[in-house]
Amino acid sequence: MAPIRKPTVRKECRCSICKSKTLGFDRVSVKTFKRHQEKDNHDITHVQTPHEDTCNTISSAVSEPVNQEEDSFEFEQEDVEMNSELRNLNDTNDILDIRTRNQPFSETDCVFGPEDNVQYTSDTYEEEYEDESDVEMDNDEGAVILIAIINKILQFLFDPFRLPVSVAGLKRLAGFEALTSGVKKYVACSECHAIYDNEAAPLCCTSPNFDKTSLCGNSLFKSGPGSKAPKKTYYFDIVRCTIIDPMHNLFLGTAKRMLERWVVDGLIDDKKLVAMQKAVEKVVLPPNYTSLGTKIAKGFPYMKADEWKSWCLVYSPVVLRDLLLLPEFKNWIEFVNACRYFTKPSVSEEDIEKGHKCLEEFCKGCETLYDLDLLSPNMHLHLHLCQTMIDFGPVYGYWLFSFERYNSVLKNIKTNRRNGFELTFMRQYIEESWKGDFVHQLLKPMHALACFEIFDKFTTNNNNTNTNTNTYLSHSFSISEYLEASQNLSMIICGNEPLPLSALPLKTRPLSFMPKHEYDCLVGYYQAAYKNPQISGCKDVIDDSPFINDWIEMVKSIDLLGQSYKGCIGTNGRGSYIQAYFTERTGSEHAYVGEIQYLFVHNFRPTVSSLTYRNPHSSQHVCAFVKWFKSTSDKTRELEGVELLQDEFYKQDFQSILPVHRILLTVAIVDYKTTKNVNKKLAIPLPKKIYY
């Protein structure tokens, strides 16, 4: 049987060190008490204070464990006892700090050791506690007292809940073990603060001094025969206590480093850079993706993070296939796939796990394919990105793109050499940024309709747009339903469902006629969407059947949760290439790539008896007229996640009408010529933005 440890005797010390405490004294061990007396060179007589009397009363009142099953007290007795003890608590609300003010439940419960809460010199701290187990005993004793007090109060309030009477039980109840599962103990030098692994710490600090001519040499452990107690300890998880910035870690770090290695190894030279530039001359990127222009041919000079992101996700899968050896190319695609998973605005735990496995394979491949000097601490941090995302969410919440972008904006503002500009600029910026939210959040819920429209005009950037089409489109918008609409084909979507506020007001143009063949597609779409073949057009009106007119309002562009879409007519095509799901004749689902010709709003109200009509209040349908590229059976580019398409479209039919809610992804398009000189299209699906 293990011997029972004798509790450490504590004495009340009022020396020059301890009198700075909140109560004017501190309770220390006998050994420390004597040393403090010798240091002050005078005697301190122990006088019991009224506070101490009260503290002893409280300690005795809670020394017995609380019986959770005893409820046989009379109400009058409980009332008297509660009033008596609460008066003592009110009079002595600072007394419990004698044991618990600067100490957590146990030393392992804090991020840093308890010594950081004690403002002593290192020499004094060495003698403050004789052993770490004394600290933990004292902390646990104070915690048990506090738990008993709380349980007693709960009993007075007739609450059946009781806290566990032990610190270990309280940790389990709060899930503390899960939170601290990655926390590790480190031995720290009290002089230079160098840290060492607790299991392999030397007796003395081996860290060099600032002059680098000698070692620190400070003892890491307390003096005494057989003492193994460190003077200073830290408890933390080095990686999880720091957010890894994906922008620097992925794009400014590894992407740049890999390209430099390929150039050094001779895998890429000047001629190949020119060939790479020629291969992507006619690439069409979605909005918010930065074009590299002619930087590839020039050797990637002055590349910013946005440009490295475009290089990883769009350009490199297209141009590196014929330049790198197959093992090196496959290894690089593992990194590209990880970036695709991690840069999604909305990620699942499955996406994080897949991205982590891709980075693992990439790092393992780098060990075998390249010299070991390629490996860096930054590449090691790749393997901790998954934990960062689990702890803090999608990368859009904390990567430094916005920080760097606003730094650039501030740096390029002309201040005319005047001081104090920063405060004025930020005050104006905050007012401009939040005035729209203020009006929508404060005035709209108050139903202040008379003044709301006036203030809304002052806080909306697009004052000259037609807002007649926005009456019901934002009514009861649900982001979960909106996101599901693009992936779940069994969900009935007609085009009149609510849109996010970012899409409103719609930038509509004057009413215009729809061309005949496109109008026939619209009629067929409504018949299929509402499952009503009786819906008729202008030429074949049937009595008592829903009628579709051929008037539409074209929309210049639409912003759906931060992702912009627009038609290709009269534009450079950016924002017009999309991907959407369709059901094949075999019943399987397939994603097709298409080109938006134009966006439009059409008014149509079917019969009220239609059971598939989800929103009987809105007759305004927001759709896109899309031409869909013909797919091929060629899967040679499947490895890099690039789809090979024919350079021609399917015949237009009712499926050319696509509700904007059905848009799955945005797509980058590259003109491609095969070895047989046949024109094709390469499609690279990219994550769409989701800002809500």
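This one's a predicted model, so the numbers in the text were calculated from it and none came from an experiment. Computation of the quantities below employed the complete heavy-atom set of this structure, encompassing side-chain atoms and omitting hydrogens, waters and symmetry-equivalent molecules.
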Take Lys256 and Met303 through the test side-chain contact (heavy atoms from CB on, under 4.5 Å) and record every step on the way to the result.
CA-CA 9 Å; Lys256 181 179 179 180; Met303 291 275 285; over 6 Å; no
Does any N or O in the side chain of Asn331 come within less than 3.5 Å of the main-chain N or O of Phe362, such that one atom is a donor and the other an acceptor?
yes
Would Trp628 and Asp653 count as a side-chain contact (heavy atoms from CB on, under 4.5 Å) here? Give the steps.
CA-CA 10 Å; Trp628 300 103; Asp653 58 8; 5.9 Å; no
What I'd like to find out is whether the side chain of Gln652 reaches to under 4.5 Å of the side chain of Phe625, using heavy atoms alone.
yes
Say whether, by atom type as modelled, one donor and one acceptor occur between the side chain of His602 and the main chain of Asn549 under 3.5 angstrom.
yes
Residue pair Glu328 / Leu267: nearest heavy atoms and the distance that separates them:
CG-CD1, 4.5 Å
So how far is it from His661 NE2 to Cys623 SG, rounded to the nearest 0.5 Å?
8.5 Å
Classify the ring geometry of Phe513 against Trp551: parallel below 30°, tilted from 30° to 60°, perpendicular beyond 60°.
tilted
Is a side-chain donor or acceptor of Lys688 paired with a backbone partner of Ile663 at a separation under 3.5 angstrom?
yes
Check: Gln579 side chain, Leu664 main-chain N or O, donor-acceptor pair, under 3.5 Å
no
Spell out, as yes or no, whether a donor-acceptor pair under 3.5 Å connects the side chain of Ser316 to the backbone of Cys312.
yes
Main-chain N/O of Ser348 paired with Asp351 side-chain donor or acceptor, under 3.5 Å:
yes
A cation-pi test, strictly: NZ or CZ of Arg637 under 6.0 Å from the centre of the six-membered ring of Tyr672 and no more than 45 degrees from its axis. Yes or no?
yes
In terms of side-chain heavy atoms, does Ser376 have a donor or acceptor partner in Asn378 at a distance below 3.5 Å?
no
Are Ile552 and Ser512 close enough, and set up right, to give a side-chain contact (heavy atoms from CB on, under 4.5 Å), and what steps lead you there?
CA-CA 6 Å; Ile552 60 173; Ser512 60; 4.0 Å; yes
Is it true that Glu350 and Lys354 make a salt bridge, defined as a side-chain N closer than 4.0 Å to a carboxylate O?
yes
Does the Glu307 side chain pair with the main chain of Lys304, one donor and one acceptor, at a distance under 3.5 Å?
yes
Tyr398 vs Phe392 aromatic rings, parallel, tilted or perpendicular, using cut-offs 30° and 60°?
perpendicular
Please name the pair of heavy atoms, one in Glu361 and one in Glu334, separated by the smallest distance, quoted to 0.1 Å.
CB-CD, 4.0 Å
Where does the angle between the aromatic ring planes of Trp399 and Tyr396 fall among parallel (under 30°), tilted (30 to 60°) and perpendicular (over 60°)?
tilted
Quick check: are there more than 12 heavy atoms from other residues, nucleotides or ligands sitting under 6.0 Å from NZ of Lys680?
yes
Tell me whether Arg662 contacts the main-chain N or O of Ser486 through its side chain, where contact means a donor paired with an acceptor under 3.5 Å.
no
Over 12 foreign heavy atoms within 6.0 Å of NZ, Lys295:
yes
How would you list, by chain and number, every residue that makes a side-chain contact (heavy atoms from CB on, under 4.5 Å) with Glu595, sequence neighbours excluded?
Cys568, Ser576, Tyr577, Gln597, Phe629, Phe649
Kindly determine whether Asp671 and Asn679 satisfy side-chain contact (heavy atoms from CB on, under 4.5 Å), including the steps that lead there.
CA-CA 7 Å; Asp671 290 337; Asn679 291 328; over 6 Å; no
Ser588: what forms a side-chain contact (heavy atoms from CB on, under 4.5 Å) with it, not counting sequence neighbours?
Glu584, Thr586
Parallel, tilted or perpendicular: ring planes of Phe477 versus Tyr482, cut at 30 and 60 degrees
tilted
Check: Ile244 main-chain N/O paired with Asn249 side-chain donor or acceptor under 3.5 Å:
no
Taking everything shown except Phe403 itself, do over 12 heavy atoms lie less than 6.0 Å from its CZ?
no
So which pairs with a foot in residues 273-289 pass side chain to side chain donor-acceptor pair (under 3.5 Å), sequence neighbours left out?
none
Are the side chains of Leu313 and Arg340 in touch, meaning some heavy atoms are under 4.5 Å apart?
yes
Which heavy atom in Phe329 sits nearest to a heavy atom in Pro317, and how many Å separate them?
CZ-O, 4.0 Å
Shortest non-hydrogen pair, Leu658 vs Val626, comes out as CB-CG2, 4.2 Å
Ring-plane angle category for His621 and Tyr526, please: parallel below 30°, perpendicular beyond 60°, tilted otherwise.
perpendicular
For the residue pair Trp262 and Trp332, does the interplanar ring angle fall in the parallel (under 30°), tilted (30 to 60°) or perpendicular (over 60°) class?
perpendicular
Compare every heavy atom of Ala624 with every heavy atom of Leu599, then report the nearest pair and how far apart it is.
CD2-CB, 3.5 Å
Show the nearest heavy-atom pair for residues Ile492 and Glu497, with the distance to one decimal.
O-OE2, 4.0 Å
